[in-house]
Amino acid sequence: MWSPRTGTWMWRAALCCMLLETCLHSARGLNMCMSGSATSCEECLLIHPSCAWCAQEEFGRGRSLTSRCDFSQNLQKRGCESRFIEFPTSSISILRNRPLSSKGSGSTQYDVVQIMPQKISLSLRPGDQTWFGLQVRQVEDYPVDLYYLMDLSLSMKDDLHTIRNLGTKLAEEMGKLTSNFRLGFGTFVDKNMSPFSYTAPKYQENPCNGYKLFPNCVPTFGFRHILSLTDKVDRFNEEVQKQMVSRNRDAPEGGFDAILQAAVCKEEIGWRKEAYHLLVFATDDVPHLALDGRLGGLVQPHDGRCHLNDKNEYSASTKMDYPSLALLGEKLAENNIFLIFAVTKRLYVIYKNFTALIPGTTVEILDQDSKNVIQLIITAYNNIRSKVELSVWDHPEDISLSFTATCQDGRPLPGLRKCADLMIGDTVSFNVSVEARGCPPRGADHSFTIKPVGFKDRLEVVVDYQCDCGCSRTAQTNSSICSSIGTYNCGTCHCEPGYLGARCECQEGEASSMYLSACREAEGKQICSGRGECSCNQCLCYESEFGKIYGSFCECDDFSCARHKGILCSGHGECHCGECKCHAGYIGDNCNCSMETSSCISGDGRMCHGRGNCVCGRCQCTEPGAFGDTCEKCPTCPDACGTKRECIECRLFNSGRLADNQTCQRLCKDEIITVETLKTDDPGAVLCLYKTDNDCVMKFTYSEHASGTSILTALKEPECGGGTDALTVLLAVVGSILLVGVVLLAVWKLVITVHDRREFARFQSARSRARYEMASNPLYKQPVSTHFVETDFNMYGKSYNGGVH
Ligand SMILES: *[C@@H]1O[C@H](CO)[C@@H](O)[C@H](O)[C@H]1NC(C)=O
Ligand SMILES: *[C@@H]1O[C@H](CO)[C@@H](O)[C@H](O)[C@H]1NC(C)=O
Ligand SMILES: *[C@@H]1O[C@H](CO)[C@@H](O)[C@H](O)[C@H]1NC(C)=O
Ligand SMILES: *[C@@H]1O[C@H](CO)[C@@H](O)[C@H](O)[C@H]1NC(C)=O
Ligand SMILES: *[C@@H]1O[C@H](CO)[C@@H](O)[C@H](O)[C@H]1NC(C)=O
């Protein structure tokens, strides 16, 4: 149980539990039984079903106080004798358990048993779930009572003809299913009042008066019981043949009035206790429902009682409204009646909807003239007998029940309380879990019934609640244990007003409210923080497995402080009343921050290599790209080449600042690889070069690997000579620029020369050609011209042509 009262404390305990690996342990030490601060045995039992109370007088009065409410095994461990431990649990006892019968009819038919057990008693402790099993069997050859309730409105006249011999045929068919079958008969039309029927005087004796197709019928009636259930099926035929149809005005019929009477008039109808009760309701129209009666001025709701007069007619037909579906369902269930709606196809959907609202009903389609009625009844009967469904009657609100059905295939179906598709004679079992949710007020009636729908058989369940402690029965008033001024009950004293203390040994001061306030840290808080007892205005704190609980309100302890990696105050402080008091050199909520900076000093004596700050004894690098315990690694830092150069110098050539010095060994732990030629295309590596004393150039690359090692890849020897001389390089560069320039000039010169030569040659040849062709110089024109004169001026074109010639 997780009550708000215990909230904060439980939360802390839970946190503790999460951090500490010994979760189980902690659950036992700081458990809900103790933290509930129960002051009496009854309160303790209500906290959780696993809480127990120690009623031993001397328990927990030694060095330090302990709670009387705890897990049973804890109480025992703490020295409570087991006979003083109050720890009731839920239990079941079976009071009547006669075996299931295998056959229904026979010499001992009154003893047919279809449910087992028949009576049990439950002793429930609130919150403690328990279960019991029950078995149900549809026994073979069980007696059947069938009451045929027929609509006698005019439209049913052909049906009446068809069922004349129903009795004989039905008895024959049912005889195959049961050796003990009885049949009864009743009819209905509607309320004989306006607007449901014809009420004019000329219709009183014959409502069909003047109706050409069918001029004679009997007066309208609500319900008429004609034949009580009997095994003489010929009587059924006789009675049916005597019936005549009637006539009513509106389409809906008063069938629900008739169903209710047929269900509740047990004596008149003759329902047997030990038989299946089938009520076949044959109609070809919709029924009137509750409130329809108001149309005729009937405001009184149906009272659910039998109202048959000495003529076996429903006498309240024109006094009460039609019954509601709920009332109908209740009365049918109460009398274990299976209702079969035999209706024409048109009405199937409507009545199907009714079956959803009225439990234990089925609907079958009746042919227009009732030809298939026997088949219909057999089908419905088989349908009903293939199902077992449990219903619970008078279910007390504070008990929760959950069912698991095990049907014929042996597979448990949780949450189900019914089985279908059974064969007659099959046994099904149910597992019923029961749990009381609380303690009911004393004197309330505690029993309920579990019943398979439609069976007379039932399981009676008597419930009593384990809400009291046995020790309360021997409570002593004015006990000497309680200084003769209190009631000694289950190990504790309940003092008379004005006295207080564990033994009523203190007398109250002037202010009576002092008692409680002196043991509370603040208004609204628990007495002694829920971790101790108030005695004479002082808190006596409980013992705990984890450490000490102390403070004037038991508000402090030395074990619920902040932890780091599961260690209280990181092991660098003391826990005081929920707060870590750190040892010198440590700070922080959980004392995990060391003020020591020596671990931040890098090999070169600087704090974090000058690239970061020392926080809680660890370097936090600020320089971009820097990492490592002391930020010593940083390939991209500007001075990277400078620091590594010294290592190359001292390690490879034993020269430089660190040469002949132990510090080379200490500071230069990098891996150095020497190569003939250096590859410089690795993007992760930084290329460094420096000039040696003898004007050579030393090259190396520096890279940091993911594994944390830095690798220096260096040339075996520095590169010496012209190739690397800066001047040589300069000269070479200048030289090559000049050379390229000269070459380019030469090429240009060559191209120009070749071009010029070609042009000149072309000019020469052109000139020589010109000399030969001087005679046909295009500029030269012959000085002589010839002209012809045309004589015909009419034709413009001719003269033009003549001009060309
Ligand atoms: C039957 O019930 C269904 C669903 O509840 C509803 O849609 C339908 O209209 C009902 N039919 C009749 C005829 O009342
Ligand atoms: C009945 O159900 C309970 C739990 O709901 C389970 O512990 C018990 O074993 C079940 N009994 C049987 C016979 O299946
Ligand atoms: C208990 O003591 C009170 C006062 O001391 C007295 O009034 C009462 O009658 C006593 N009850 C019994 C049962 O002795
Ligand atoms: C100290 O503990 C706090 C809280 O658990 C944590 O956030 C922090 O990282 C820890 N510091 C160190 C240096 O371990
Ligand atoms: C080694 O080198 C360090 C740093 O350059 C210097 O402080 C120290 O005196 C040197 N020690 C010796 C023995 O040369």
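Read the numbers this way: they start at 1 and go in the same order the structure lists the ligands and their atoms.
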*Using modelled atom types only, decide if a donor and an acceptor are shared between the side chain of Q138 and the backbone of R385 within a distance under 3.5 Å.*
yes
*Hey, is the main chain of A436 close enough, under 3.5 Å, to the side chain of Q129 for a donor-acceptor pair?*
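No, because the side chain of Q129 does not come within donor-acceptor range (under 3.5 Å) of the backbone of A436.
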Residue and atom name of the nearest protein heavy atom (relative to [atom]), distance in Å to one decimal:
atom                    : value
atom 13 (C) of ligand 2 : W131 CH2, 3.5 Å
atom 4 (C) of ligand 4  : N590 ND2, 3.6 Å
atom 1 (C) of ligand 1  : N353 ND2, 1.5 Å
atom 2 (O) of ligand 2  : N431 ND2, 2.4 Å

*Nearest atoms (heavy-atom pairs only) where F87 meets S72*: CD2-CB, 4.0 Å
*Going by the atom numbers of ligand 2, which of them fall below 4.0 Å from some non-hydrogen atom of S433?*
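Under 4.0 Å from S433, ligand 2 has these atoms: 4 (C), 5 (O).
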Would you mind reporting whether [Y] and [X] have side-chain heavy atoms less than 4.5 Å apart?
X    : Y    : value
K119 : V462 : yes
D321 : H302 : no
F455 : I115 : no

*Pick, from V615, N592, D589, the option with the minimum heavy-atom distance to atom 10 (C) of ligand 4.*
N592
*I350 heavy atoms, cut-off 4.0 Å: which ligand 1 atoms fall inside?*
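Under 4.0 Å from I350, ligand 1 has these atoms: 13 (C).
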